[in-house]
Amino acid sequence: MDRMETGVLSEQRRSTRQRRSVKAVVKGVPVSEGAGVRLTRLIGHGGLRMLDPFLLFDEFRSEKRDDYAAGFPDHPHRGMETVTYMIEGRMAHRDSLGNSGVIGPGDAQWMTAGSGIIHSEMPAVENGRLWGLQLWVNLPAVRKMMPPRYQELSAARMPFVTDGSVTARVIAGAFGGVQGACDTIGEASLYLDVTVSPDARFTHILTDDTAFAFVLDGHGVFADDTAAGRCELLVFDGGDEVVAQAGSDGLRFILVAGAPIGEPVVSGGPFVMNTQEEIETAWKELRNGTFVKSGMGGRRS
Ligand code: FE2
């Protein structure tokens, strides 16, 4: 998507770029979370414990109300960020910063739990499909106890970039020279929802150490040698360019990148800290009512 690069210069640069190969293709495992929501877990299970700085990546996708109706009632988080992106259906949310509302197709919420937040996420769908994604992004030790922050990123104001046969919703980071909706994003540097027309090619310069793609729909070949289809997650090796060739039915995928933190990770349910002692402190504060500190409030865009 280098609009400014043309001709000989562009060819020279392309020839020196290193295509990022696919080092793993991960299929999800079924899990039940919250009050009994059926999910597919792509990161955060035995096959892929974490992908620093990403701790967890879930897809919830079902037409059956019983699979999701119980939702995620009030629960705490500390030491990490949660990113929820809706594809179909609606989700009502409420949190201890005072934010509440409903997010629908194409909307995202980027919640930095920091020192602590309590929130609920409840499906607001009577019939039809609920389809969305949730990503957990770790915070480094120096920012684990930062004031919590909430950004609601509405589809109406989210940049949508079209370049020939590729379109991308820019949730975070930049694509095609367009900056995404999320203003600061911590260790995650990119979150795109990319659609590639049938038989067309996607290329994107991406030098961040950690990068993965998750296929939402269609089929394609990544890095010119790895075929993938719906609900498969591809972990990229190092390099500086991601390429994907869409199949005859087109290809839609999520592309996420970030910088590894490289610190000890100790998880205790919804808390992600550096030591077991910090996890015990979080549970103790939750019990004695001192868990939620003052926050900065939310931002809507
Ligand atoms: Fe949550």
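One-based numbering, in listed order, for ligands and for the atoms of each. Predicted model, so just to flag it, every value in this text is computed and none were measured.
Inside a sphere of radius 2.8 Å centred on the Fe ion (ligand 1), the protein N/O/S atoms present are His75 NE2, His77 NE2, His119 NE2.
Within the structure, ring-ring contact (aromatic ring centres under 6.0 Å, His included) pairs that include any residue of residues 218-241 comprise Phe222-Phe253 (at least two apart or interchain).
Using cut-offs of 30° and 60° on the angle between ring planes, the pair Phe175 and Phe202 is parallel.
Side-chain contact between Glu33 and Arg38: absent, with no pair of heavy atoms (C-beta onward) separated by less than 4.5 Å.
Across every non-hydrogen atom of Ala246 and Val196, the tightest pair is CB-CG1, 3.7 Å.
Residue Asp66 qualifies as open at atom CG: its count of foreign heavy atoms under 6.0 Å is 12 or below.
Put simply, the side chain of His75 gets close to the backbone of His119: a donor and an acceptor are under 3.5 Å apart.
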